[in-house]
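As the structure is a computational prediction, the values presented were derived from the model and not from experiment. Within every chain, numbering begins at 1; the chains are lettered A, B, ... in the order of the sequence lines, protein sequences first and strands thereafter.
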Amino acid sequence: MKSNEPSNEERVWQVVALIPSGQVSTYGEIARMAGLERRARQVGGIMSRLPQGTSLPWHRVINASGRISLPVGSHGHTEQRRRLQEEGVVFINGCASLRRYRWHP
DNA sequence: CGAATGACTCCTT
DNA sequence: CAAGGAGCCATTC
């Protein structure tokens, strides 16, 4: 009988779900927390294929530069920024200015 | 099945 | 700070 091993996708979902409102994390950090160190790209791929209408706080995931990775002007970018601002995240010149979730300098 | 792709990141110049 | 390049690897062609 097979044990239900969580797929990478499921592990990433689980980690993203833990990001508190008003805070953000990065693809690389998500990868690390999901046991996928150095696979930030894979996390991005998983995010891009999230089911429509997901309850995951996908908008709290940004890149290591503190910017939204979706193309500027795209629907996704606009929505992500709107949701973050709604949670109190401040943007300065396209950069999210707020402490990261589990970010260590 | 090999090649291209991508919501990435780090290091060097 | 910007640009170039290497590393990474599941998914899609």
Side-chain angles (χ1 to χ4, degrees):
Chain A
M1 139 90 195
K2 255 180 210 308
S3 58
N4 295 354
E5 299 178 23
S7 62
N8 292 343
E9 191 175 49
E10 292 172 317
R11 286 212 289 281
V12 167
W13 290 346
Q14 182 56 50
V15 170
V16 171
L18 297 176
I19 307 173
S21 173
Q23 292 191 250
V24 296
S25 192
T26 67
Y27 299 95
E29 200 53 32
I30 296 296
R32 178 181 303 194
M33 289 190 271
L36 302 171
E37 200 159 10
R38 279 185 172 159
R39 294 184 216 179
R41 256 186 140 129
Q42 192 49 25
V43 173
I46 290 170
M47 299 303 282
S48 73
R49 292 188 302 272
L50 287 176
Q52 200 171 32
T54 179
S55 57
L56 271 186
W58 57 271
H59 55 282
R60 301 188 186 135
V61 184
I62 61 181
N63 63 36
S65 304
R67 296 171 174 278
I68 290 172
S69 286
L70 290 165
V72 175
S74 67
H75 178 273
H77 178 107
T78 303
E79 171 137 7
Q80 183 167 13
R81 195 178 58 185
R82 199 194 85 250
R83 289 198 191 194
L84 288 175
Q85 289 180 325
E86 226 169 277
E87 296 183 353
V89 176
V90 176
F91 281 87
I92 299 176
N93 279 340
C95 293
S97 173
L98 189 63
R99 54 186 101 82
R100 312 276 181 80
Y101 173 53
R102 272 196 149 181
W103 174 65
H104 26 136

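A heavy-atom distance below 4.5 Å is not found between the side chains of A:Gln42 and A:Tyr27. Between A:Glu79 and A:Trp58 the shortest side-chain heavy-atom distance falls below 4.5 Å. The shortest distance between side-chain heavy atoms of A:Ile68 and A:Arg81 falls below 4.5 Å. A:Val61 has its side chain out of reach of A:Val24: every pair of non-hydrogen atoms, C-beta onward, lies at least 4.5 Å apart. In this structure the side chain of A:Arg60 reaches within 4.5 angstrom of the side chain of A:Ser21, judged on heavy atoms.
Backbone-only contact: A:Gly28 has heavy atoms under 4.0 Å from sugar-phosphate atoms and none from a base.
Separating the P atom of C:dG7 from that of B:dA7 is a span of 22 Å, rounded to the nearest Å.
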- Note on the structure: Whether each nucleotide of nucleotides 5-13 of chain C has a protein heavy atom under 4.0 Å at its base (B), only at its sugar-phosphate (S) or at neither (-) is summarised, 5' to 3', as --BBSSSS-
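Residues A:Met47 and A:Val16 come closest through the heavy atom pair SD-CG2, 4.2 Å. The minimum heavy-atom distance between A:Pro6 and A:Arg11, with the atom names listed, is O-NH1, 3.1 Å. In terms of heavy-atom proximity, A:Gly22 sits nearest to A:Val89 at O-CG2, 3.9 Å.
Side-chain atoms of A:His77 come within 3.5 Å of backbone N or O of A:Leu70 as a donor-acceptor pair. Without hydrogens or angle criteria, A:Asn63 side chain to A:Ser65 main chain gives a donor-acceptor distance under 3.5 Å.
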Enumerate all atom pairs, one protein N or O and one N or O from nucleotides 2-4 of chain C, separated by less than 3.5 Å.
none

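Where DNA chain B meets chain A (any atom under 4.0 Å from a heavy atom), the bounding nucleotides read 5' to 3' are B:dG6 to B:dC10.
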